[in-house]
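Computed from a predicted structure; not experimentally measured. Values reported hereafter were calculated over all heavy atoms of this structure, with side chains retained and with hydrogens, waters and symmetry mates removed. We count ligands from 1, going down the list as the structure has it; atoms in each ligand are counted the same way.
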Amino acid sequence: MGFLEKNINQALYAHEKGRKNMEYSPKSREVGRVLSVARGVAQVQGLGSVRSEELITLGNNIPGMALDLLPEAIGVALLGDNTGLKAGDEAVPSGTVLSVPVGDALIGRIVDPLGNPLDGGPAPETFERRTVESEAPPILMRAPVDMPMASGIKVIDALIPIGRGQRELILGDRQTGKTAIALDIILNQKKGDVVCVYCAIGQRSSSVARGIDTLRNHGAMDYTFVVVVEGDAPSGLQYIAPYAATSMAEYFMAQEGKDVLIVYDDLTRHAQAYRQLSLLMRRPPGREAFPGDIFYIHSRLLERSTRLKPEHGGGTLTALPIVETEAQNISAYIPTNLISITDGQIYLSPVLFQKGILPAIDVGKSVSRVGGRAQPKAYGKVSGDLRLTYSQFQELEAFARFGTRLDQDTRKRIEHGLRVRELLKQDRLSPLTAAQQVVILWAVSLGLLNDIALERIAEVEGYLLTRMEESFESMSRLAQAEPNDEIWAELEKVVMQHIRNWREANAAA
Ligand SMILES: Nc1ncnc2c1ncn2[C@@H]1O[C@H](COP(=O)(O)OP(=O)(O)OP(=O)(O)O)[C@@H](O)[C@H]1O
């Protein structure tokens, strides 16, 4: 036998042996056909065993999610560009539900709801995936909210405090500063240990770019990542965006004692995307043409934010959903739904905005239902009366506008209220620590600023803060444990002295 012949025989023998070892088992694969395609939705026939929210690949690798399971056809929300997809194309179910990549590598990145990078960088190096939809933690795993999520904004921290694990709605007409507040709260976490997620849904690209610039320029991308889906993206992608961002956030919350803050900007656009999907799938429209389950889609999203008990890791997920109102109508369908789901709301008034009272927070219509317990003790002394005084002042001010003759006491209260309002004004990107806020608010609540001209209040505030930082060593103690009477007495003495000094210096000038 020649050398070549021997080799061929050996190869044939090996092939025959391998073939015998191989087991062939027939497997069936279900393949459906696209019936019709319309603006981000496809109807698919022939997929009898698909489950709700199963990932389906259509035509030329376009991902979709099964939303409507009807006997005659399946309604699929498309998660990619549907150009080229046509009736008759194949639809292949994946057997799994939609999931997104999660991991530490997300921090600092800008991604779409499927985790694809949008910042020009490589795909984030993640080693884990989490399903987009997941069960909210059960009640027995949840602990009460009692740690503050400092916003750095005086009017919020003093009068509408937010706690870690809370859901606080930010609502108001367009261009009233909703996004500005959310971004300021993210920026205020700079020195802390909170991971922040900004989820922009259906916003204009220019405003998203501005928001990202703000985060970048102030060093917030070191602890933040952004999930973006633009207004012209398929409705399905807009619909899954907040759930996907929450899954990415939950990865961090699951770590021992980690605090996470998520902003959904905004859920009005999210509801509109879902309405579009539902109408295209011919679901019966209800109030304002929204489908019947519109409340459920937002409640199951926001229920995922919580504070976990220490035995379950002790992590927290604080949610700041944003919703836009039209013509100050907070009793419209989506705003009322969200007000009833969340633990409070921050209402921004266009009237205050036009008057230049910024942030334009209407204290009377804003509330924090659980944050009070999380508020640092030092605020107790100052913010208790402040809300009442301020609300009374607003009523008196409305009366005074009719030209009513006012008695001495009423006039005094109005003057005091005007100074409180002046002091609650705050520029963007200028957060204050809890101790700084307490000093300022305490000075105004004692009436120490009542004889200072309104237009000079901001100047006195700046002066007082600079001097206090230099001279008052209890400043840092103020924000921590409950300050004792001795500290308050010392504070009063020092504050009064500084205000006297300011007056003397200005009288001399
Ligand atoms: N405290 C503030 N001080 C000064 N300017 C502010 C303040 N808050 C908001 N603004 C300005 O008001 C404008 C509107 O703010 P922003 O975009 O946050 O409003 P919005 O309600 O989120 O708007 P949209 O309806 O477009 O989402 C911006 O130009 C912002 O810089």
Side-chain angles (χ1 to χ4, degrees), residues 150-160 162 168-188 196-218 220 224 226-232 238 241-242 261-273 319-330 332 334-335 338-339 345-363 365-366 420-432 436-437 440 455 457-458 461-462:
S151 71
I153 302 171
K154 284 174 281 188
V155 58
I156 298 183
D157 287 344
L159 302 178
I160 323 150
I162 305 173
E168 184 79 7
L169 181 67
I170 302 176
L171 83 164
D173 282 12
R174 55 183 308 276
Q175 289 290 301
T176 47
K178 302 183 293 296
T179 306
I181 288 198
L183 291 180
D184 272 9
I185 298 179
I186 293 183
L187 295 182
N188 194 46
C196 300
V197 188
Y198 177 64
C199 176
I201 312 158
Q203 300 282 316
R204 286 186 310 275
S205 316
S206 59
S207 54
V208 177
R210 225 177 307 130
I212 292 173
D213 269 354
T214 310
L215 293 174
R216 275 211 179 112
N217 296 342
H218 292 83
T224 304
V226 182
V227 179
V228 183
V229 57
E230 286 172 18
D232 56 357
Q238 294 189 48
L261 170 72
I262 185 163
V263 174
Y264 305 107
D265 193 3
D266 64 53
L267 290 187
T268 311
R269 305 266 186 290
H270 179 246
Q272 287 166 352
L320 296 178
I322 296 180
V323 70
E324 187 180 297
T325 52
E326 274 177 32
Q328 305 180 52
N329 181 12
I330 55 173
I334 302 300
L338 284 161
I339 286 173
Q345 75 270 354
I346 295 173
Y347 175 65
L348 294 158
S349 148
V351 179
L352 294 179
F353 193 90
Q354 280 152 16
K355 285 186 183 162
I357 301 169
L358 296 173
I361 297 177
D362 184 331
V363 175
K365 288 185 182 152
S366 305
V420 172
R421 181 158 75 192
E422 199 58 31
L423 215 86
L424 289 178
K425 286 184 185 171
Q426 197 165 341
D427 282 339
R428 284 197 67 185
L429 314 172
S430 49
L432 294 177
Q436 288 174 323
Q437 295 182 23
I440 292 297
E455 56 280 7
I457 292 284
E461 180 184 358

Novice: Among all protein heavy atoms in this structure, tell me which lies nearest to atom 21 (O) of ligand 1, with the distance rounded to 0.1 Å.
Specialist: Lys178 NZ, 2.8 Å
Novice: Among all protein non-hydrogen atoms, which one is nearest to atom 30 (C) of ligand 1, and what is the separation to 0.1 Å?
Specialist: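 It is Arg428 NH1, 4.0 Å.
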Novice: Backbone, side chain, both or neither: what part of Gln426 comes under 4.0 angstrom of ligand 1, heavy atoms only?
Specialist: backbone
Novice: Any idea which atoms of ligand 1 are less than 4.0 Å away from a heavy-atom of Glu324?
Specialist: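 In order of numbering, the contacting atoms are 25 (O).
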Novice: So, regarding Leu358 and ligand 1 (criterion: nitrogen or oxygen to nitrogen or oxygen, under 3.5 Å), is there a contact or not?
Specialist: no
Novice: Ignoring hydrogens and angles, tell me if any N or O in the side chain of Gln426 forms a donor-acceptor pair with the backbone of Ser430 under 3.5 Å.
Specialist: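 Answer holds: yes.
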Novice: Looking only at N/O atoms, are Arg174 and ligand 1 under 3.5 Å apart anywhere?
Specialist: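 N/O-N/O distance under 3.5 Å: no.
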Novice: Do Asp173 and Glu326 have side chains that approach each other closer than 4.5 Å (heavy atoms only, starting at C-beta)?
Specialist: no
Novice: Under 3.5 Å, is there a donor-acceptor pair between the side chain of Asp157 and the main chain of Gly152?
Specialist: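 At least one qualifying donor-acceptor pair exists.
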Novice: Apply salt bridge (charged side-chain N to carboxylate O under 4.0 Å, His left out) to the pair Glu324 and Arg269, showing each step before the final yes or no.
Specialist: CA-CA 9 Å; Glu324 187 180 297; Arg269 305 266 186 290; 3.6 Å; yes
Novice: In the protein, what heavy atom is nearest to atom 25 (O) of ligand 1, and what distance, to one decimal place, separates them?
Specialist: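 Result for atom 25 (O) of ligand 1: Gln175 N, 2.9 Å.
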Novice: Considering only the protein, which heavy-atom contact is closest to atom 16 (P) of ligand 1, and what is its distance?
Specialist: Gly177 CA, 3.7 Å
Novice: So, taking the atom named CG in Leu171 and the one named CG in Leu338, what distance separates them when rounded to the nearest 0.5 Å?
Specialist: 9.0 Å
Novice: Could you check whether any side-chain N or O of Asp265 sits under 3.5 Å from a backbone N or O of Tyr198, counting only pairs where one atom can act as donor and the other as acceptor?
Specialist: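 Between the backbone of Tyr198 and the side chain of Asp265 there is no qualifying donor-acceptor contact (under 3.5 Å).
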Novice: N/O to N/O below 3.5 Å, does that happen between Thr179 and ligand 1?
Specialist: yes
Novice: Would you find a donor on one side and an acceptor on the other, under 3.5 Å apart, between the side chain of Ser349 and the backbone of Ala360?
Specialist: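 No; zero donor-acceptor contacts below 3.5 Å.
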Novice: Any protein heavy atom under 4.0 Å from atom 28 (C) of ligand 1?
Specialist: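 For atom 28 (C) of ligand 1 the answer is no, since every protein heavy atom stays at 4.0 Å or beyond.
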Novice: If you round to the nearest 0.5 Å, how far is OG1 of Thr325 from NZ of Lys178?
Specialist: 7.0 Å
Novice: For atom 11 (C) of ligand 1, what's the nearest protein heavy atom and its distance?
Specialist: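 Going by distance alone, atom 11 (C) of ligand 1 is nearest to Phe353 CZ, 4.2 Å.
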Novice: State the atoms of ligand 1, each with its element, that fall below the 4.0 Å cut-off from a heavy-atom position in Ala180.
Specialist: 8 (N), 9 (C), 18 (O)
